[in-house]
Amino acid sequence: MSDQIRVRFAPSPTGRLHLGGARTAIYNWAFARTHGGTFILRIDDTDPERSTEENTQQILRSMEWLGLDWDEGPQKGGDFGPYFQTQRASHYQAALERLIEKGAAYPCFCTAEELEASRAAARERGDSFQGYQRTCRNMDPAEAQARIDAGEPHVWRLKVPEDHPAVVFEDAVHGTCRFEAKELDDMVLVRSDGTPTYNYATVVDDGEMGITHVIRGDDHLSNTPRQILVFEALGYKIPTFAHLSMILGSDGKKLSKRHGATSVEEYRDRGFLNDALVNYLALLGWSLDGETTIIHPDQIAQSFTLDRISKNPAVFDEEKLLWMDGEYMNSMSDQEFAQRILVPQLAEAGFIPPESYSQRAAWYDQLSNILKPRCRVMGDAAEKSRFLFDLVYDEPSVNKNLAKEGTRGYLRACYETLEVLGDDIWTAEDIDAALEEVPVKLGVPKKKVFQALRVAECGHQVSLPLGPSMELLGKRESLSRIELADPLAQD
RNA sequence: GUCCCCAUCGUCUAGCGGCCUAGGACGUCGCCCUUUCAAGGCGAAGAUCGCGGGUUCGAUUCCCGCUGGGGGCACCA
């Protein structure tokens with residue numbers, strides 16, 4: 001029974017995949033995976049004005065990057081295609097014909113102006129119902145046909161049964177939802193240009209694709225009763241609905257561009273890990289047990305249930321995402337971090353050739369080891385290790401730690417101590433051990449000595465640990481950096 | 001205007017009538033570690049569970065009203 005589950009994510013290619021959409025996709029995917037169901041990707045491109053091929057590709061790439069693999073859809077195919085609404089015109093047409101035959105749809109010749117006027121009048125009167133007044137509903141069929149034949153523009157509307165009872169459905173996250181039938185007017189199914197409306201196309205597709213659970217944004221909750229009416233008219237099995245609350249910006253308003261980065265690819269480009277983003281987004285409105293926060297995507301794909309989805313809208317908190325991304329980085333092995341993050345980042349920054357890992361694997365692994373706990377996003381890796389490739393003195397750091405009385409003596413003492421170390425024992429432990437004696441001998445606070453040396457070696461008063469950094473730099477380079485800094489120091 | 005949805009620390013949340021002197025996580029603030037920055041360890045502050053009525057021996061949990069947010073009401077999705 002559980003293997004019968006079929007869910008879909010149906011984005012409109014009117015823009016990039018944004019965080020809200022991504023979360024919806026994650027929930028659908030995780031739900032399908034957890035229950036051994038089928039995850040379908042469908043492109044709802046019925047809006048020719050705003051839909052673009054580029055956006056479609058963009059969305060597919062974001063889905064792939066997030067690791068949300070789909071079983072049916074673009075690039076995959078499937079038995080229920082096509083998976084682009086623009087290619088499904090014949091299905092909508094056929095469904096409309098069935099409705100007309102059943103007397104469940106009728107043509108309406110009202111113009112947009114007439115409808116607007118009627119709506120305005122209803123508002124004037126203070127009517128509670130301001131929808132379509134069913135002007136054309138009872139038109140003589142012969143007259144209607146004559147006007148159609150004469151080429152008069154018309155739309156097709158759903159003929160909601162006269163005495164339809166209230167529409168009641170059980171939403172998986174909201175519980176029982178009830179809408180009085182009188183609130184629902186005879187919605188437009190097909191526009192005068194022959195294209196289907198969203199609420200119609202969606203139902204035809206969901207019905208024909210055998211969707212069992214519709215997991216989507218809260219903004220569709222009010223559309224649901226309308227859609228149910230269409231499901232009924234078409235004789236499709238009505239799926240279970242699960243409406244997700246919205247993702248808000250820090251000001252409590254719906255998340256939008258003015259809150260900063262909102263698309264998946266922006267986060268990818270800023271160096272976030274896909275798994276961390278999926279983990280974070282999944283937790284924005286869903287919880288495993290209320291205690292666990294780090295849940296790997298493959299674990300989410302094994303334990304996702306609809307009953308643990310929260311009803312409240314959630315504020316997107318980038319700080320927490322940043323923290324989580326750091327957690328994912330820090331939990332990688334040195335080797336994985338080196339190959340997946342460090343080397344690519346250094347190559348991108350132009351410090352090393354792209355294929356240099358194998359030549360100095362141990363060196364990169366070692367660097368990764370001290371880098372990992374200090375990174376929140378990928379870019380930090382190159383930024384925090386650039387001093388190894390390109391020494392740049394930070395003015396404030398030099399002024400505060402190097403351009404001070406006595407520093408020349410500190411550096412020389414360090415130099416002399418390190419110089420005598422054999423090349424074969426140039427390890428962080430040896431370096432640290434040897435250096436330990438310097439401030440003691442000089443009788444000065446170790447902080448003064450080490451911060452001066454740190455700036456000499458790394459160019460900045462904040463850096464990776466000194467010993468390991470010098471080991472990575474090598475004896476020759478480390479010593480020459482001390483000499484190089486000599487002019488900056490003082491007696 | 002009307003219909004609908006939502007309401008627990010600054011933020012994400014646990015809670016599905018007594019286990020709650022409301023738990024976890026991010027963030028914040030201390031302390032420890034320490035030659036910097038992180039990471040890690042320990043700890044603290046932070047929520048009269050939006051407000052007011054009920055129901056009940058007992059409400060964060062159930063019901064009603066209010067308030068505050070949000071969404072729909074299109075030949076947009």
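The chains referred to below are lettered A, B, ... by the order of the sequence lines, with proteins before strands, and numbering in each begins at 1.
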For [N], does OP1 or OP2 lie under 4.0 Å from any side-chain N or O of [X]?
| X | N | result |
| --- | --- | --- |
| A:R454 | B:rC37 | no |
| A:S287 | B:rA14 | yes |
| A:H243 | B:rC5 | no |

> Parallel, tilted or perpendicular: which describes the rings of A:F109 and A:H154, with under 30° parallel and over 60° perpendicular?
Replying inline: tilted
> Parallel, tilted or perpendicular: which describes the rings of A:F316 and A:Y280, with under 30° parallel and over 60° perpendicular?
Replying inline: perpendicular
> Is there a residue in residues 389-402 of chain A whose heavy atoms reach under 4.0 Å of RNA chain B, and which residues are they?
Replying inline: none
>> Near RNA chain B, counting only heavy atoms under 4.0 Å, which residues of residues 312-320 of chain A show up?
In response: A:N312, A:P313, A:A314, A:V315, A:D317, A:E319, A:K320
> Of the nucleotides B:rC6, B:rU36, B:rC4, which one has an atom closest to the side chain of A:L221?
Replying inline: B:rC4
> Any idea which of B:rG72, B:rA38, B:rG70 is nearest the A:K253 side chain?
Replying inline: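 Of the options given, the side chain of A:K253 lies nearest B:rG70.
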>> Measuring centre to centre across the rings, with the benzene-like ring taken for any Trp, is A:H460 within less than 6.0 Å of A:F387?
In response: no
> B:rA59 pairs with which nucleotide, Watson-Crick or G-U wobble, both distances below 3.5 Å?
Replying inline: none
> When the nearest nucleotide of RNA chain B is assigned to A:L283 and to A:E436 on a heavy-atom basis, which residue is associated with the more 5' position?
Replying inline: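 The answer here is A:L283.
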